There are 2 protein chains.
Amino acid sequence: MGRKRLQESADGRPTVHTVAARAGVSIASASRVLNGVGGSPETVRKVREAAAEVGYVPNAIARSLQSQRTELVALAVEDIGNPVYVEMMRAIESVVADSGRQLLVHATGGRIDNETALLRRLANRYVDGMIVSPIRVTADHLTALQDSPVPVVVVGQLAEDAPVDNVRTDSRRGIALAVDHLVATGRRRIGFVNGPLDTVPGAARDAGFRTALAAHGIVLDENLVEVGDFQYAAGRDATERLLARAEPDALVCANDLIAVGALHALLARGRQVPTDVALVGMDDTELARMMFPQLSSVSLGSAERGRRAAELLLQRIADPSLPPRRAQVAPSLAVRASSAPATHVPAPREEVTS
Amino acid sequence: MGRKRLQESADGRPTVHTVAARAGVSIASASRVLNGVGGSPETVRKVREAAAEVGYVPNAIARSLQSQRTELVALAVEDIGNPVYVEMMRAIESVVADSGRQLLVHATGGRIDNETALLRRLANRYVDGMIVSPIRVTADHLTALQDSPVPVVVVGQLAEDAPVDNVRTDSRRGIALAVDHLVATGRRRIGFVNGPLDTVPGAARDAGFRTALAAHGIVLDENLVEVGDFQYAAGRDATERLLARAEPDALVCANDLIAVGALHALLARGRQVPTDVALVGMDDTELARMMFPQLSSVSLGSAERGRRAAELLLQRIADPSLPPRRAQVAPSLAVRASSAPATHVPAPREEVTS
DNA sequence: CCGGTAGCTGTAAACGTTTCCGGGAGTTTG
DNA sequence: CAAACTCCCGGAAACGTTTACAGCTACCGG
């Protein structure tokens, strides 16, 4: 009985020793056959049979220790419930699964310490790589990124010279698409409901909005700008504050959740969309198409960015010596009922690219 | 130079050997100090210093191989984008993170082979446990569940005698809550838009609907029942088919995504909600509150179920000899504008429990 | 003054896998 | 027919950690 003890793992499951003993070969041969490399036909047969008989399944941990890779990839986003991240996650998961790896998902809640802790924990080698979409970036963050022992790809704006793989979009340009469209359809008192200004996307969208208005020679009434959180409830509240002091004929929202909140605030106040107020969201998630009226929205290509990020990461895992690379996804505008011109019937859906 | 090679890991990162050598102690002492067990004050100081100087971080894989646990927990759901799973996932992640573990998320796409493959892969020990919410259950599935080498908790209906930890709700009772409410507010031609009947939730909801109608002495017109997928677009299409052949004065939908699709179909056909048709969804996700009018919805306590499932799993991981346990979460109905009585003004929001 | 004990330390064995290396058998070539 | 080469096999080392075990020192009590 003491003999068996040496062949199976602590909890009685078969190991490669069990298989080898049963097949009457060495563990080296057993391992080779199980990995499909080498072995005479006779050996292959014996080992395969033995493995099948005892129901052998290789222990992934031991394999990882040897190979120094876990076939796991992590994704860290602020809010796992935001549909934009869901879309990104779906795209990433698809690429990652196709490569035979699994995806580990972290919700950081946007707390910066949380995120850096996560980055530092990478040092323990539990994942082969990580995709992170930070909404705030500090110097601390950057150093943690740079001396991470495992590959990291950042989705979002990053300093030009940061030596880190990076997938980005031009959200300022995205906002400009929205503003251009609204101006072209006759709106002039265009308001903006943004997320926090101390976040990277928040700041970029704010700058984009101001630049776009200026390009049309429109002077911005600060009463038309309000800031909340990137969430539904915060968007609704922020819009209510805005409506209490100003009369916009259009609203640009920094994401679709905010736009849905804005829609509620507008309807609650008796404004018609798009007749009284045109509404444009951002991220072009499924949510935008679910609303009534359907929301126009600026697509920042979240699925595409996710896909590209996953590809960059897999390439870097395969060859860590690659120079830092950068991918850019162009924004586009999906025009729907919520921003139809006030004067006539809604135009059919139309896509304008970059 | 060959000496250093023995102290640091392949990629040049410090190991416990590096720390031990630097502190002038054995690796056993170093390991003990790093784990906070034993060691003289002098040894502790030296080891701590050495570890800090070289920036030592323990290798989680090696630790796992030794301890036979990964501190990872997996969650497998059909669709990571369905808000009901997002809520469940949030709750689970919170419990799991509090226990110092991490959550691995799988999207099965509802494909049964996918799910059993996942269960079988558990044998490779990459996670300490798994929560799975299958929408289809086969015999194959059940055996895979039962002889899984790691603990599994199932969220959803399961045979009474299945010796598996299980968290469930009574969705038949949930449907009954919706029907009772609609009947009480004067609706009689109540329709039902369901998901696939070959899924466990689909079948249960169908049965629940028929029973509930019968309890009110209403004979069901089969034209008022339509089946699609548990998705937005499928819900919209199914509702369109239903409306093309019948005139319901109320619709019960098997989840909130379907309800949103139904809302669109109704509005597109010129029906007013709730005046012409009352609408009740299921799962009571954030989405229900985001619509206009806000959707009444049957809550199946998804967050609560997630929390309970996570707790059951952690307990079983701690003590695998526990007998199989079962937790039940009662449904409740959140009444909102979409199902207000046709005749008078909407009643204030009201919660009816089980 | 000596046996016993407590506390610390280092050696070595485990965890389960892959892989390097040397040896043996069989096959081809000069 | 010998030499060289190919292929397969088994032993053993490695991956980086934790931990059982035994030895050592120092201290305490009798």
Side-chain angles (χ1 to χ4, degrees), chain A residues 2 4-47 51 54-71 123-126 128 149, chain B residues 2 4-47 51 54-71 123-126 128 149:
Chain A
K4 274 207 138 166
R5 201 88 187 78
L6 292 176
Q7 291 174 12
E8 37 182 57
S9 74
D11 53 358
R13 292 188 48 82
T15 75
V16 70
H17 290 89
T18 323
V19 175
R22 195 167 236 269
V25 302
S26 73
I27 60 163
S29 294
S31 174
R32 275 188 292 254
V33 169
L34 294 170
N35 288 13
V37 29
S40 72
E42 173 65 2
T43 312
V44 169
R45 186 189 59 77
K46 285 189 298 186
V47 171
V54 299
Y56 171 73
V57 179
N59 180 314
I61 303 172
R63 192 201 291 263
S64 287
L65 179 58
Q66 167 71 25
S67 67
Q68 304 282 24
R69 31 177 54 252
T70 61
E71 313 295 349
N124 72 10
R125 305 321 204 84
Y126 228 105
D128 292 343
Chain B
K4 273 205 138 167
R5 200 87 187 80
L6 292 177
Q7 289 174 13
E8 36 182 59
S9 74
D11 54 357
R13 293 188 49 82
T15 73
V16 70
H17 288 90
T18 325
V19 175
R22 195 169 236 269
V25 302
S26 73
I27 60 164
S29 293
S31 174
R32 276 188 290 255
V33 169
L34 294 169
N35 287 12
V37 28
S40 72
E42 173 65 0
T43 311
V44 170
R45 186 190 58 76
K46 286 190 297 187
V47 172
V54 298
Y56 171 74
V57 179
N59 180 315
I61 304 173
R63 193 200 290 263
S64 287
L65 179 58
Q66 167 70 28
S67 67
Q68 304 281 25
R69 34 182 40 255
T70 61
E71 313 295 351
N124 71 9
R125 305 319 204 84
Y126 227 105
D128 291 343

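Order of the sequence lines sets the chain letters (A, B, ...), proteins ahead of strands, with each chain counted from 1. Because the structure is a prediction, the values reported are computed rather than measured.
Checking D/dG10, D/dA20, D/dT17 against the side-chain heavy atoms of B/A62 singles out D/dT17 as nearest. Side-chain proximity of A/S26 to C/dG10, D/dT18, D/dG10: nearest is D/dG10. The side chain of A/A28 lies closest to D/dG10, out of D/dG10, D/dA20, C/dG16. The B/S29 side chain lies nearest to C/dG10 when the options are C/dG10, D/dT17, C/dG16.
Distance NE2 (B/H17) to P (D/dT18): 11 Å, rounded to an integer number of Å. Atom CG in B/L65 sits about 14 Å away from atom P in D/dC15, given to the nearest Å. Summarising the geometry, the separation between CG on A/N35 and P on D/dC8 is reported as 16 Å, rounded to the nearest angstrom. Rounded to whole Å, the distance from CZ on B/R69 to P on D/dT18 is 14 Å. If you measure from atom CD1 of B/I61 to atom C1' of C/dT17, you get 12 Å, rounded to the nearest angstrom. Counting to the nearest Å, the P atom of D/dT17 and the CD atom of A/Q66 are 15 Å from each other. The separation between B/Q68 atom CD and C/dA14 atom C1' is 10 Å, rounded to whole Å. Regarding A/N124, its CG atom lies at a distance of 13 Å from the C1' atom of D/dG16, rounded to whole Å.
A heavy-atom distance below 4.5 Å is not found between the side chains of B/E42 and B/V25. For the pair B/Q66 and A/L65, the minimum side-chain heavy-atom distance is 4.5 Å or more.
Note on residues 26-41 of chain A: no pairs pass salt bridge (Lys or Arg N to Asp or Glu O under 4.0 Å), not counting sequence neighbours.
The closest donor-acceptor contact from the side chain of B/N124 to the backbone of A/P58 lies at 3.5 Å or more, if one exists at all.
Using a 4.0 Å cut-off, no side-chain N or O of B/Y126 falls inside it from OP1 or OP2 of C/dG16. Phosphate proximity of D/dC15 to B/N59: absent, as no side-chain N or O sits under 4.0 Å from OP1 or OP2. Look at B/R63 and you'll find a side-chain N or O under 4.0 angstrom from OP1 or OP2 of D/dT18. For the OP1/OP2 pair of D/dT18 and a distance below 4.0 Å, the side-chain nitrogens and oxygens of B/S67 include no atom meeting the criterion.
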* Would you please test A/V57 and A/R13 for side-chain contact (heavy atoms from CB on, under 4.5 Å) and show each step? => CA-CA 9 Å; A/V57 179; A/R13 292 188 48 82; 4.0 Å; yes
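Taking all atoms of both residues into account, the shortest heavy-atom contact from B/A30 to B/A20 is CB-CB, 3.9 Å. Scanning all heavy atoms of the two residues, the minimum distance from B/Y56 to B/T15 falls at CE1-C, 3.4 Å. Smallest separation of non-hydrogen atoms from B/I61 and A/S64: CG2-CB, 3.7 Å.
Annotation: of the two residues near DNA chain C, B/A30 and A/V37, the 5′-most nearest-nucleotide partner is B/A30.
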Can you give me the N/O atom pairs linking the protein to nucleotides 4-8 of chain C at distances under 3.5 Å, or say none if there are none?
none

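Residue B/R125 places no side-chain atom within donor-acceptor reach of the base of C/dG16, judged by atom type and a 3.5 Å distance cut-off alone.
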